[in-house]
S.K.: 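Dumping the structure here so I can ask a few things about it.
Atom set for the values below is all heavy atoms of this structure, side chains included, hydrogens, waters and symmetry mates excluded.
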Amino acid sequence: MAIARSSMLLGKCFPCVKKNASKIVVKRMVLDKNLLMYFDEEETYFAHDPNKICKTNDIVLIEELPQKLTKLITHRVMEVVFPHGDVTDPITGKKVIRTKYRDELEETAELYGKTDRGYDYESAPPRGWQEDKKDFSHLETYHRYSADDKNPNAVDK
Amino acid sequence: MMRSHFSITLMNCKTAVSVKPFVRMKSVLPISWERPEKLPPHHPSKSGDLKKRADIDLTRFPHLFSESEELKTADENVKRIFSLRFQKQRVANQILKHDLADKVRSHKLDYTSREVKIALLTGAIRNLTQYVEPLRRKQVPGPIRTNMKEMIDMRKKHLRLLRQADYKLFEWILDELDLEFKPKPLVLERVERKQSMRKLTDQYCENVRNDRLAELRAEFEAKQIPFLEEKLAKLQWIRENESKYELPETVTEEDIENARKRLEELKLKRNENEKQLESSN
């Protein structure tokens, strides 16, 4: 079943080889009339993103361009709605870790006796400082198929 | 069922006959393929562990007695007997594990948070790796092999989930424990000769195409400056002659100025590029 097109879409960012662009996967529920059940249907878009503001697994809002930039790039990234692993609760405006607020966890730690580990949320650098050093989550990996292959995207099987 | 004459002779034949010999496909192109070596799960490129097990101070006490006041004030001989020199290997391993966990622990009783689990697993993996590394695969007991692989996979899972929950902490943990995180490939593919040859051929063709395009580009770029110089000279000559013989004007001052500007810009750009290349070398 064809998916109805709209100018603004909410999707998830996936690792992408292309420069100046991000791969966004939009998931929608489509009704199967025979089974009377809804099923996931995914569609991939390439959105113009020269500053690479979105990282893998971010939830982003994209907008359709008035004209296609290239054969593939049809949209542009408007904003990152939920940065992956750095989510803010929209109601209280506090930072969240899974089902708990960061403040709550720090309070608990203080009650038990806080240790002097060298990590603090306020002084921690913004996410992405380990990119290409120890964190390679932005790469689109594949299984190494040749012994001569020295590409960092290759993963040993 | 009717059998052909050929099959009957084959069946009667006492020695083995190969009907269709195996022929390996050879590429005309200068491409060679070798199957990637199969690595053990504890190999750094697979496990993502960039550091090996740290050496331990043998005068330390076991984890259980580490905070004992009585032992601290005890006799030298008692201290010596309680030290790691007279303990089993697993006691030292336990200390190493807890050292790593202490680095990342947020409070004293934190034994179940994701970061502590990762640290404890890392300690266990490093301890086992030291034991397994010099041995061949079959010399390692099966349960240990599986246990180790499971621990490595579990650590990867915890890292993935920590990244999802708290990206900043995830990056700090990677730095603190010297770990590397690479996501799993989205598509599972078998490593096959034919498929790999096809991929390598595609790559080779693309490289050839890019090289030729670069060559052509260099060729055109080399012609750019002489062409513009010639153009400027000719424009000036036309303008001079037109004014001399009082012909209708076809070349204006602006055209000449534009050509000169373009030439100067191009020369500047080339000089900058050369300087950059020299500095990078």
S.K.: Considering only heavy atoms, which portion of A:Tyr145 lies under 4.5 Å from any heavy atom of chain B: side chain, backbone, both, or neither?
M.R.: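 Contact with chain B: backbone and side chain both.
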S.K.: Do you know which of B:Lys46, B:Glu37, B:Gln195, B:Lys103 has the most heavy-atom pairs under 4.5 Å to chain A?
M.R.: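 The option with the most such pairs is B:Lys46.
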S.K.: Assess the side chains of B:Asp49 and B:His42: does a donor N or O sit below 3.5 Å from an acceptor N or O?
M.R.: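 No, no side-chain donor-acceptor contact under 3.5 Å.
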S.K.: Which atoms of A:Lys95 come close to chain B, meaning under 4.5 Å heavy atom to heavy atom: side chain ones, backbone ones, both, or neither?
M.R.: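 Interface part for A:Lys95: neither.
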S.K.: Looking at side-chain heavy atoms only, is the closest gap between A:Asp132 and A:His138 below 4.5 Å?
M.R.: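 Counting from C-beta outward, A:Asp132 and A:His138 do come under 4.5 Å.
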S.K.: So that I can tick it off, tell me whether A:Glu106 and A:Arg102 are bridged by a salt bridge, with the cut-off set at under 4.0 angstrom between side-chain N and carboxylate O.
M.R.: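 Answer for the salt bridge query: no.
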S.K.: Which heavy atom of B:Lys168 sits nearest a heavy atom of A:Pro126, and at what distance?
M.R.: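 That closest heavy-atom pairing would be CE-CA, 4.3 Å.
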S.K.: Quick one: of B:Pro183, B:Ser113, B:Pro41, B:Ser106, who has the most non-hydrogen atom pairs under 4.5 Å with chain A?
M.R.: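 Most heavy-atom pairs within the cutoff with chain A belong to B:Ser106.
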S.K.: Which one of A:Tyr119, A:Tyr112, A:Phe14, A:Trp129 has the most heavy-atom pairs closer than 4.5 Å to chain B?
M.R.: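 So the answer, after comparing A:Tyr119, A:Tyr112, A:Phe14, A:Trp129, is A:Tyr119.
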S.K.: Using heavy-atom distances under 4.5 Å, tell me whether B:Glu34 contacts chain A through its side chain, its backbone, both, or neither.
M.R.: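 Both parts, backbone and side chain.
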S.K.: Evaluate the salt bridge (charged side-chain N to carboxylate O under 4.0 Å, His left out) criterion for residues A:Asp149 and B:Lys199: first the C-alpha distance (whole Å), next the side-chain angles of each, then the deciding distance (0.1 Å), finally the verdict.
M.R.: CA-CA 11 Å; A:Asp149 193 3; B:Lys199 280 179 187 169; over 6 Å; no
S.K.: Between B:Leu50 and chain A, which part of the residue has a heavy atom less than 4.5 Å away: side chain, backbone, both or neither?
M.R.: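 For B:Leu50, the side chain is the part near chain A, not the backbone.
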S.K.: Quick one: of B:Val191, B:Leu174, B:Asp175, B:Leu39, who has the most non-hydrogen atom pairs under 4.5 Å with chain A?
M.R.: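 When all of B:Val191, B:Leu174, B:Asp175, B:Leu39 are compared, B:Asp175 has the most.
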S.K.: For the candidates B:Gln203, B:Glu189, B:Gln164, which exhibits the highest count of non-hydrogen atom pairs separated by less than 4.5 Å from chain A?
M.R.: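 Greatest number of close heavy-atom pairs with chain A: B:Gln164.
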S.K.: Heavy atoms only, distances under 4.5 angstrom: which of A:Pro125, A:Gly118, A:Ser137 has the most pairs with chain B? Name it, please.
M.R.: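 Top count of heavy-atom pairs under 4.5 Å with chain B: A:Ser137.
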S.K.: With only heavy atoms counted, which part of B:Glu192 is less than 4.5 Å from chain A, the side chain, the backbone, both or neither?
M.R.: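 B:Glu192 has no heavy atom closer than 4.5 Å to chain A.
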S.K.: Would A:Lys27 and A:Asp40 pass as an ion pair if we require N to O under 4.0 Å?
M.R.: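 Salt bridge: yes.
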S.K.: Is the NZ or CZ atom of B:Arg60 positioned over B:Phe65's six-membered ring, under 6.0 angstrom from the centre and within 45° of the axis?
M.R.: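 Output no; distance or angle outside limits.
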S.K.: If you count heavy-atom pairs within less than 4.5 Å of chain B, which of A:Asn57, A:Asp135, A:Asp148, A:Thr108 leads?
M.R.: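 So the answer, after comparing A:Asn57, A:Asp135, A:Asp148, A:Thr108, is A:Asp135.
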S.K.: Let's test your reading of the structure: which of B:Lys108, B:Glu176, B:Arg163 forms the most heavy-atom pairs below 4.5 Å with chain A?
M.R.: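 Result: the option with the highest number of such pairs is B:Arg163.
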S.K.: For a 4.5 angstrom cut-off between non-hydrogen side-chain atoms, does A:Lys23 reach A:Pro15?
M.R.: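 Not in contact.
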S.K.: Could you tell me which non-hydrogen atom of A:Pro152 sits nearest to which non-hydrogen atom of B:Lys182, and how far apart they are?
M.R.: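 Taking every non-hydrogen atom into account, O-NZ, 2.7 Å.
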S.K.: Indicate yes or no: does B:Arg198 engage B:Asp202 in a salt bridge with an N to O separation below 4.0 Å.
M.R.: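 A salt bridge is absent here (no side-chain N lies under 4.0 Å from a carboxylate O).
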S.K.: Is any side-chain N of the basic residue among A:Arg28 and A:Glu41 closer than 4.0 Å to the acidic one's carboxylate O?
M.R.: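 No, A:Arg28 and A:Glu41 are not salt-bridged.
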S.K.: So, are B:Glu115 and A:Arg117 salt-bridged, with charged N and O less than 4.0 Å apart?
M.R.: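 Yes, B:Glu115 and A:Arg117 are salt-bridged.
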S.K.: Can you check whether anything in residues 79-91 of chain A gets within less than 4.5 Å of chain B, heavy-atom wise, and list it by number?
M.R.: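 Checking residues 79-91 of chain A against chain B gives A:His84, A:Gly85, A:Asp86.
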